[in-house]
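We use all heavy atoms of the structure for the numbers below, so side chains are in, but hydrogens, waters and symmetry mates are not.
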Amino acid sequence: QVQLVESGGGSVQAGGSLRLSCEVSRGSAGNGCMAWFRQAPKKEREVVATMLLRTSGAYYDDSVKGRFTASLDSAGNTLYLQMNNLVPEDTAMYYCAVRTQYSIYCSSSASSYTDWGQGIQVTVSS
């Protein structure tokens, strides 16, 4: 089982920036996928960004495209999410997830991911 530890959340004003980190603290993410999801109160969990680990190819939901950037450190142990030009609608609990099985593409469905971090709060005020 893979253990993921998120950090970097907090509160910012609209237009501000935050960087989230997701460290694989135990186990290995393998040649699968890592992803960021978010869940706002009374809403379903939704994908923010995914990354195919063997290519570092990233996918972004339309709601964050051009504002958020996912990246992987050289060791492949930490996934980052740089969030710029934040808006109040970005307010949510953000979760890091991993699918360790070899993958040729990364699903946007939460059910495809086998291990999850504990979540970290991001709050954007207007």
Side-chain angles (χ1 to χ4, degrees):
Q1 188 174 2
V2 177
Q3 184 172 6
L4 305 174
V5 179
E6 298 123 332
S7 60
S11 298
V12 295
Q13 290 191 328
S17 298
L18 285 172
R19 189 174 84 152
L20 304 183
S21 298
C22 172
E23 179 185 4
V24 180
S25 64
R26 187 179 67 200
S28 172
N31 283 315
C33 298
M34 291 184 74
W36 287 101
F37 286 79
R38 67 186 179 187
Q39 187 167 17
K42 300 182 181 180
K43 291 190 175 181
E44 291 190 358
R45 193 168 295 191
E46 61 179 11
V47 70
V48 175
T50 66
M51 179 164 287
L52 186 62
L53 296 178
R54 59 189 180 86
T55 65
S56 297
Y59 157 86
Y60 302 95
D61 184 76
D62 285 344
S63 63
V64 306
K65 201 172 293 183
R67 300 187 298 123
F68 291 11
T69 303
S71 61
L72 196 64
D73 74 340
S74 58
N77 289 332
T78 302
L79 178 69
Y80 301 99
L81 185 68
Q82 178 67 43
M83 305 185 295
N84 297 328
N85 194 21
L86 285 159
V87 297
E89 291 74 22
D90 294 320
T91 295
M93 187 74 79
Y94 283 69
Y95 297 89
C96 178
V98 66
R99 172 183 171 86
T100 58
Q101 295 90 337
Y102 180 86
S103 302
I104 58 174
Y105 78 99
C106 295
S107 172
S108 297
S109 172
S111 62
S112 295
Y113 294 82
T114 54
D115 298 280
W116 292 79
Q118 78 282 2
I120 193 163
Q121 180 67 38
V122 170
T123 302
V124 184
S125 58
S126 58

S.K.: May I ask you to check whether over 12 heavy atoms, not counting those of Gln13, lie within 6.0 Å of atom CD?
M.R.: no
S.K.: Passes side-chain contact (heavy atoms from CB on, under 4.5 Å), Cys22 versus Met34? Steps please.
M.R.: CA-CA 9 Å; Cys22 172; Met34 291 184 74; 3.8 Å; yes
S.K.: At their closest point, which heavy atom of Pro88 faces which heavy atom of Ser126, and how far apart are they?
M.R.: CG-CB, 3.9 Å
S.K.: Which atoms form the tightest heavy-atom contact between Ala49 and Leu81, and what is the distance?
M.R.: CB-CD1, 4.3 Å
S.K.: For Met83 and Asp90, run side-chain contact (heavy atoms from CB on, under 4.5 Å): C-alpha distance rounded to whole Å, both residues' side-chain angles, the deciding distance at 0.1 Å, then the answer.
M.R.: CA-CA 9 Å; Met83 305 185 295; Asp90 294 320; over 6 Å; no
S.K.: Among Glu44, Glu89, Glu6, Glu46, which residue meets the salt bridge (Lys or Arg N to Asp or Glu O under 4.0 Å) test with Arg38?
M.R.: Glu46
S.K.: Classify the angle between the aromatic ring planes of Trp116 and Phe37 as parallel (below 30°), tilted (30 to 60°) or perpendicular (above 60°).
M.R.: tilted
S.K.: Check whether any side-chain heavy atom of Thr78 sits under 4.5 Å from a side-chain heavy atom of Leu72, and report yes or no.
M.R.: no
S.K.: To the nearest 0.5 Å, what is the distance between OH on Tyr102 and CZ on Arg54?
M.R.: 3.5 Å
S.K.: Atom CH2 of Trp36 and atom OH of Tyr80: how far apart are they, to the nearest 0.5 Å?
M.R.: 10.5 Å
S.K.: Run the side-chain contact (heavy atoms from CB on, under 4.5 Å) check on Arg67 and Val87 step by step: do they pass?
M.R.: CA-CA 10 Å; Arg67 300 187 298 123; Val87 297; 4.0 Å; yes
S.K.: Please report the shortest heavy-atom distance between Gly119 and Met93, naming the atom on each side.
M.R.: C-SD, 3.8 Å
S.K.: Please determine which of Asp115, Thr100, Thr114 meets the side-chain contact (heavy atoms from CB on, under 4.5 Å) test together with Gln1.
M.R.: Asp115
S.K.: Do Val2 and Val24 have side-chain heavy atoms sitting under 4.5 Å apart?
M.R.: yes
S.K.: Supply the atom-to-atom distance Arg99 CZ to Leu52 CG, rounded to the nearest 0.5 angstrom.
M.R.: 11.0 Å
S.K.: Looking only at heavy atoms, which two atoms of Ser108 and Tyr59 are closest? And how far apart?
M.R.: OG-CE2, 3.5 Å
S.K.: Quick one about Ser109 and Ser107 (side-chain donor to acceptor, distance below 3.5 Å, no hydrogens or angles considered), yes or no?
M.R.: no
S.K.: Could you measure the distance from the OG atom of Ser17 to the CG atom of Asn84? Nearest 0.5 Å is fine.
M.R.: 3.5 Å
S.K.: Donor-acceptor pair, Asp61 side chain versus Val64 backbone, under 3.5 Å?
M.R.: no
S.K.: Measure the CG-OG distance between Leu86 and Ser11 for me, rounded to the nearest 0.5 Å.
M.R.: 11.0 Å
S.K.: Do Tyr95 and Phe68 share a hydrophobic cluster (ILVMFWY, side-chain heavy atoms under 4.5 Å, transitive)?
M.R.: no
S.K.: Verify the cluster assignment for Leu79 and Val47: are they in a single hydrophobic cluster under the rule of side-chain heavy atoms below 4.5 Å apart?
M.R.: no
S.K.: To the nearest 0.5 Å, what is the distance between CG on Leu4 and OG on Ser21?
M.R.: 12.5 Å
S.K.: In this structure, would Leu18 and Val5 fall into the same cluster of hydrophobic residues linked by side-chain contacts under 4.5 Å?
M.R.: no
S.K.: Kindly indicate whether the side chain of Asn31, heavy atoms from C-beta on, has any atom under 4.5 Å from the side chain of Leu53.
M.R.: no
S.K.: I'd like to know if the side chain of Tyr113 reaches the main chain of Cys96, judged simply by a donor and an acceptor atom lying under 3.5 Å from each other, with no hydrogens or angles considered.
M.R.: no
